[in-house]
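Here's the structure we're looking at; comments come further down.
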Amino acid sequence: MDLESVTLNVKNECMEMNEEDDDGETQGLVRSETQPTQTVFDSNHCVKDDVWKEFAPIGKGEDGKERCRCIHCGKDLVTPAFTSNLWRHLRSCTKKREGKSGGNGCEQDRLNKDQNKRNSVDVVGASVYESSSDREGVSNNSLLKKRQRSSILEGTIRSGMLLGLDVLDCPICFEALTIPIFQCDNGHLACSSCCHKLSNKCPTCASPVGHNRCRAMESVLESVFVPCRNAKFGCTKNVSYGKVSTHEKECTFSQCSCPALDCNYTGSYNNIYTHFVNDHRHKPTSISFVCGGSVDVQMNIASDKILVLQESKKRLLFALQCFYKPQGLYVTVRCIAPSAPELGKLAYCLYYSMDGHTLTYKSPEVKKVLEVSSETPQNNFMFVPHSLLRGELLEMKIAIGLKKTCNVAVNLAFEAYWQSRT
């Protein structure tokens with residue numbers, strides 16, 4: 001029951017009580033005209049209120065008004081239309097309080113009735129209060145449930161469907177958007193790399209772009225999860241759409257290509273190592289070594305493009321590549337594996353000497369790739385000018401391992417070289 005219904009019921013009860021009192025008074029007045037002597041006691045007051053039992057009629061006074069007398073103290077009172085005056089007299093009547101009459105029962109009944117009425121009103125008020133409190137409680141519970149439902153829906157229960165993931169790609173370079181995402185004043189999106197390439201000028205409307213981030217799109221991007229492309233190879237992770245490319249570079253299930261030039265085999269880095277050892281380890285373009293030590297290598301820069309080094313402890317393959325260009329020779333080392341953190345970071349050192357000239361290159365980290373590239377490296381390489389090359393045969397020393405061990409290996413190789421000269 002709501003608050004309005006309870007209030008309406010209380011009002012109706014009060015109106016009915018007033019109507020009953022009015023009816024009783026009217027009937028008493030009408031009957032007093034026909035039977036003045038029995039006016040009060042023959043009326044409905046005698047039925048409805050026991051107070052009349054405490055008074056006796058004595059007829060009209062000199063003023064022509066009906067009178068009654070208290071049966072306890074003998075005091076004469078004007079017969080009232082309402083009983084409130086009679087009850088007031090009984091409460092102050094000293095004779096009645098002394099117990100000379102049986103009127104105590106009537107008085108107690110009257111008090112009990114009054115208490116019951118007050119209790120009923122209190123109960124109604126409490127019901128109204130409880131109803132209001134319940135309603136507030138229901139409202140609070142609904143809000144709490146809504147928040148809980150929202151928090152659950154953000155997790156795993158509810159899911160949505162996009163008609164195409166291309167809406168989450170940069171409209172300029174068509175690569176997957178990554179945070180931060182920027183927008184111009186007209187709402188056109190651009191990834192951070194495109195903003196730099198376009199000198200912070202929107203290609204659609206020429207407005208400035210690269211200063212205001214699109215937080216809404218970033219939230220959408222973070223809430224969209226897709227399975228890894230390597231799921232069919234065993235990966236069970238679901239990653240945020242904006243981090244797909246990063247995860248695939250680090251995923252241990254990413255497919256690597258065999259570094260042998262005449263082989264098209266692909267597989268995980270563990271499978272690649274097993275495949276190469278079984279099928280290509282006897283070829284002259286492969287050599288075994290142990291991380292932390294140095295190894296001497298020879299390459300024909302005219303015919304050999306790649307020399308594969310096999311590391312048995314970590315079960316990794318390393319590709320030593322030479323790029324012969326008009327200005328000189330570029331030499332670099334790549335690890336055939338994903339950039340998984342569990343594989344750790346390895347450094348490498350290259351040592352080359354010719355006619356008393358020594359070249360040493362130390363790289364702080366071996367770059368990890370899923371397949372070897374035929375493009376000239378732009379970083380992490382050693383450059384040997386033509387003046388230091390002697391024919392097509394290239395001899396050098398290489399060390400792969402932790403940065404500290406690489407330095408030690410190169411120093412030992414340098415000392416061995418000078419000792420052989422002396």
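Taking both residues in full, the closest heavy atoms of C68 and T79 are given as N-OG1, 3.6 Å, listed atom of the first, atom of the second, then distance. Here the closest heavy-atom approach between residue F383 and residue L359 is recorded as O-CD1, 3.8 Å. Residues I336 and C256 approach most closely at CG2-CB, 4.0 Å, considering heavy atoms. Scanning all heavy atoms of the two residues, the minimum distance from S374 to F323 falls at O-CE2, 3.6 Å. Of all heavy-atom pairs between L394 and C322, the closest is CD2-SG, 3.8 Å. Across L316 and A337, no two heavy atoms sit closer than the pair CD2-CB, 4.1 Å.
Looking only at atom types and distance, the side chain of N271 has no donor-acceptor partner in the side chain of H275 under 3.5 Å away. Counted by atom type alone, Y324 and H386 present one or more donor-acceptor pairs between their side chains at under 3.5 Å. In summary, the side chains of D296 and Y351 do not present any donor paired with an acceptor at a separation below 3.5 Å, with no hydrogens or angles considered. Side-chain polar atoms of R315 and T274 form a donor-acceptor pair below 3.5 angstrom.
For the pair L370/S257, no side-chain contact is recorded, criterion being any heavy-atom separation below 4.5 Å from C-beta on. In this structure, L343 and Y269 have side chains that are in contact, with non-hydrogen atoms separated by less than 4.5 Å. Side-chain atoms of R334 and V366, non-hydrogen and from C-beta on, never get closer than 4.5 Å to each other. Between S286 and L307 the shortest side-chain heavy-atom distance does not fall below 4.5 Å. Using a 4.5 Å heavy-atom threshold, the side chains of D355 and L388 count as separate. Taking 4.5 Å as the limit, some side-chain heavy atom of T252 sits within range of a side-chain heavy atom of E342. Counting heavy atoms from C-beta on, the side chains of L317 and C335 never come closer than 4.5 Å. Within the 4.5 Å cutoff, the side chain of L189 has no heavy atoms near those of the F182 side chain.
Within a 6.0 Å sphere centred on CD of E365, other residues, nucleotides and ligands contribute more than 12 heavy atoms. Summarising the local packing, CG of N264 is surrounded by 12 or fewer heavy atoms from other residues, nucleotides or ligands at distances under 6.0 Å. Counting non-hydrogen atoms of neighbouring residues, nucleotides and ligands closer than 6.0 angstrom, the CD atom of E375 reaches no more than 12 such neighbours. Within 6.0 Å of atom NZ in K283, more than 12 heavy atoms from other residues, nucleotides or ligands are found, so the atom counts as buried in its surroundings.
Without hydrogens or angle criteria, S240 side chain to L221 main chain gives a donor-acceptor distance under 3.5 Å. Between the side chain of Q321 and the main chain of S373, a donor-acceptor pair closer than 3.5 Å is present. In this structure, E248 contributes its side chain and T246 its backbone to no donor-acceptor pair below 3.5 Å. When atom types are taken as modelled, the side chain of Y273 and the backbone of S268 share no donor-acceptor pair closer than 3.5 angstrom. Side chain of S254 to main chain of E250: no donor-acceptor pair is present (N/O by atom type, distance under 3.5 Å, no hydrogens or angles). One N or O on the side chain of R390 and one on the backbone of S387 form a donor-acceptor pair closer than 3.5 Å. The backbone N or O of N380 sits less than 3.5 Å from a side-chain atom of T332, completing a donor-acceptor pair.
One finds the OG atom of S312 at 11.5 Å from the CZ atom of R281 (value rounded to the nearest 0.5 Å). Taking CG from L168 and OG1 from T178, the interatomic distance works out to 12.0 Å, rounded to the nearest 0.5 Å. Interatomic distance, I179 CD1 to K243 NZ, rounded to the nearest 0.5 Å: 7.0 Å. The NE2 atom of H188 lies 5.0 Å from the OG1 atom of T204; values are rounded to the nearest 0.5 Å. Note that OG of S363 and CD1 of I400 are 10.0 Å apart. Values are rounded to the nearest 0.5 Å. Rounded to the nearest 0.5 Å, atoms OH (Y348) and CG (L309) are 12.0 Å apart.
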Worked verdict on V297 versus M396 for side-chain contact (heavy atoms from CB on, under 4.5 Å)
CA-CA 6 Å; V297 297; M396 63 174 57; 3.5 Å; yes
Could you walk me through whether L350 and K362 pass side-chain contact (heavy atoms from CB on, under 4.5 Å), step by step?
CA-CA 7 Å; L350 297 175; K362 300 178 182 180; over 6 Å; no
Stepwise side-chain contact (heavy atoms from CB on, under 4.5 Å) check, K313 with C291:
CA-CA 8 Å; K313 290 185 178 180; C291 273; over 6 Å; no
Step by step, would you call Y361 with C349 a side-chain contact (heavy atoms from CB on, under 4.5 Å)?
CA-CA 6 Å; Y361 175 76; C349 299; over 6 Å; no
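The distance between the ring centers of F289 and F318 falls below 6.0 angstrom.
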